[in-house]
Every structure is written in C-alpha cells, then in structure tokens.
Asks: 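This is the structure I want to talk about, given as structure tokens.
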There are 2 protein chains.
Amino acid sequence: MPDFIRTVPPGDDRERLTCPDCGFVAYENPKIVVGSVVSEGGRILLCRRAIEPRRGFWTLPAGYMEMAETVEEGARREAWEEAQARIALEGVMAVYSIARIGQVQVIFRAGFESPGFAPGPESLECRLFAWEELPWEEIAFPSVHWALHRWRALEGQALGAPVGNPAEDPRGMRPMPRQAAL
Amino acid sequence: MPDFIRTVPPGDDRERLTCPDCGFVAYENPKIVVGSVVSEGGRILLCRRAIEPRRGFWTLPAGYMEMAETVEEGARREAWEEAQARIALEGVMAVYSIARIGQVQVIFRAGFESPGFAPGPESLECRLFAWEELPWEEIAFPSVHWALHRWRALEGQALGAPVGNPAEDPRGMRPMPRQAAL
C-alpha cells in the first residue's frame, strides 16, 4: 500500500488523505459520542474509567456511536455497557463540539428505567453522587464538567433547546488541565 | 495491501473491518450532517441540488461536517457553500438519526445575518419559499420533510429541546419513496 499523501483533490477546497496511485480519498470525519446525565433523586450516575485515556477518573456513561444505531440507542447502549444500567431518555440536553479532536457529543438527560447499576468492563466502579459530593478534582474530561453544570442549571425545569459549548471554550480547543493520575 | 476482513477483534463485541496481516482495525463511524432551516419573513431557503444523489431535488443548506470545525461553524459554512448565504444560528432544532446509512443530522433554526443568497457550486438554484409554495413533491430527503414540519410547528415559538426522528420512522430506516427524476 503506498503512503497516503495530503493533497487537495480536484473540485475540493481542502487537503484530504489521498492515495497517490489511484486517487482514492480517505475522508476523515468527526466522530460522534453519545452519553447521558442519568440521575435519580438528585443524585448523578458517574463511572470511574478502567481504560485510557484518563483511567481512574470519573465520567458520564458515554462512548462512540456505532454505525447502525440511533443517537438514542447509542446512549442507552453505553449506559448498559459502562454502568449496566437500563436508562430512560428524556431528551437532548447539549450538543458539544470538541473541534480539537474532531468530536461531537450528543448528551441526553435521563433517569433509570429499572433500578440498579454495576460497573461494566470499561468501568472500575459506578456511583451515584449528590451534587455536593461530585469528585470535581477527578473528572475525566472538560465536557463532563459542562454537562454536569448544564444538568444542574436545568434541575427541575423542562429541557429547552440544547446549549452548545460554554462561552469560554466555544470550539472545544482546550485540553483538560493537567492533574495527578489517580 | 491485503483485503480487510470482517471479524470480531479481541475484547470487542461486533465485527470490524480488520487487516488480517497486522490486525489494524478500520473503525466505521456514523457521519455528521449539519444544516439549517433558514427563514426570513416566514419564507424558507431551499437549494436545488446540482449533484447526486437526488440531483434536481430541493434540500436545506446542509452537508457533511469537517474535522476541525464545530457544528455551528459547519452549519454556517454549508449555508455559504450551497447558498452563498451568511446566516445567524438561533439554536438546535432537531437531531435526526438515519441509522440505515449511518448518519446523524444536527439541524439548526436560523435567519440571515446579512441579506442575499445565490446558488453555490453544488446548487442549481436557491429560492425562498412561503409555506404554501414549498415543492413537496420535489424534496430531496425524508429528513428535509421532517425539518420543515418541525420548523412549522415551532414558528413564532422559542426553541425547546430538539426532537428526534418522527414516530413513524424512529430509526431512519425508510428510504425516500421513489419519485420521477426532475
């Protein structure tokens, strides 16, 4: 296989990964993450990551959407895989763009469809946290912060149109501040 | 280059395109379309497609999101590329999943930021349509129907949380009914 080169294909306006022999263009596309803020009685479900990146840090049940599913199916599947939780989606709470890494996150507000949860293979543990107990120093990603604060701002209210990124990081360009590994 | 095969990689739970020699997994991910229902004075901007699929049919200014942009930037870029329109986004109106083709559509409600529009290279023409004038028989894709009706239902109202697919096609599995080419 020849090495792909970055060149602007005919009729295009930006560089693409292109095969110099046959002209095949390997388009790169942003990836979609689907996830949920799942709560019960004011407490929020978080999972402690068993995998890199950010092993040992806390995150929402969320992950890459698969090909033949909907965003809703993906969000429910991730809650099952990561927290063995059957969840009921209420609606989209946020659509975040992490332009730095080519990612779009569709985050739902959800409750439990049936009781119970337990860590799946990608989680070290899962826990319900009251707002005051949330492990802010050990959160895996900036967008988890965003989603938790969005959830809090909407607590007890109907979902409005989802917000985008916060004003201080409109393009999702800031990496997570360095923290000690857990 | 050896032909990739479909096999379940170790630790995974579904078939992936995998290189039988080196084990490289070519993940396939859903693609994101960003677009807008742009209106002015109750009239909606549509573009008649100059490219396949559905050449000659009418669509919203929308297209595939690029890697280093946000959903908002993508929606504005597409309005510029397809309709030479500078638009002002109001918020997300709908998040549709077209599971049949592995696509997620993030659709905004928008107005014009500055006056004027004209067909870009991928459009044969662009036009503002009053609701009663919309070319229902010549709409390119089911999701354009969905978005137009969602826009109509919200006319004059604040945006709520975005809806997902309509109840009659919750997974985006139905192709567009056959129509005569234009």
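These figures come from a predicted structure and were not determined experimentally.
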Asks: Is any NZ, NE, NH1 or NH2 atom of the basic residue among A/Arg48 and A/Glu122 found under 4.0 Å from an Asp or Glu carboxylate oxygen of the other?
Replies: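 Looking at A/Glu122 together with A/Arg48, the answer is no, because their closest N to O distance does not fall below 4.0 Å.
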
Asks: Step by step, would you call A/Phe141 with A/Phe57 a side-chain contact (heavy atoms from CB on, under 4.5 Å)?
Replies: CA-CA 9 Å; A/Phe141 306 109; A/Phe57 289 82; over 6 Å; no

Asks: Would you say the side-chain atoms of B/Arg49 pair up with the backbone N or O of B/Pro53, donor to acceptor, closer than 3.5 Å?
Replies: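 Side chain of B/Arg49 to backbone of B/Pro53, a donor-acceptor pair under 3.5 Å: yes, one is there.
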
Asks: With no hydrogens and no angle check, is any side-chain donor or acceptor of B/Glu52 less than 3.5 Å from a backbone partner on B/Arg54?
Replies: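 Answer holds: yes.
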
Asks: Heavy-atom pairs under 4.5 Å with chain A - which of B/Gly102, B/Gly160, B/Gly74 has more of them than the others?
Replies: B/Gly160

Asks: Parallel under 30°, tilted from 30 to 60°, perpendicular over 60°: which one fits the rings of B/Trp58 and B/Phe129?
Replies: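 Correct class here is perpendicular.
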
Asks: Out of curiosity, A/Phe108 CZ to A/Leu159 CG, how far, rounded to the nearest 0.5 Å?
Replies: 10.5 Å

Asks: For the residue pair B/His149 and B/Trp136, categorise the inter-ring angle as parallel (less than 30°), tilted (30 to 60°) or perpendicular (more than 60°).
Replies: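 B/His149 vs B/Trp136 ring planes: parallel.
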
Asks: Go through the atoms of B/Arg109 and report whether side chain, backbone, both or neither lie under 4.5 Å from a heavy atom of chain A.
Replies: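 B/Arg109 has no heavy atom closer than 4.5 Å to chain A.
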
Asks: Find the one option among A/Glu69, A/Glu66, A/Lys31 whose heavy-atom pairs under 4.5 Å with chain B are most numerous.
Replies: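 Heavy-atom pairs under 4.5 Å are most numerous for A/Glu66.
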
Asks: For residues 75-89 of chain B, give me every residue with a non-hydrogen atom less than 4.5 Å from any non-hydrogen atom of chain A.
Replies: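 From residues 75-89 of chain B, the residues near chain A are B/Arg77, B/Glu81.
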
Asks: With a 4.5 angstrom heavy-atom cut-off, is it the side chain or the backbone of B/Glu73 that approaches chain A, or both, or neither?
Replies: side chain

Asks: Do A/Gln157 and A/Glu155 have side-chain N/O donor and acceptor atoms under 3.5 Å apart?
Replies: no

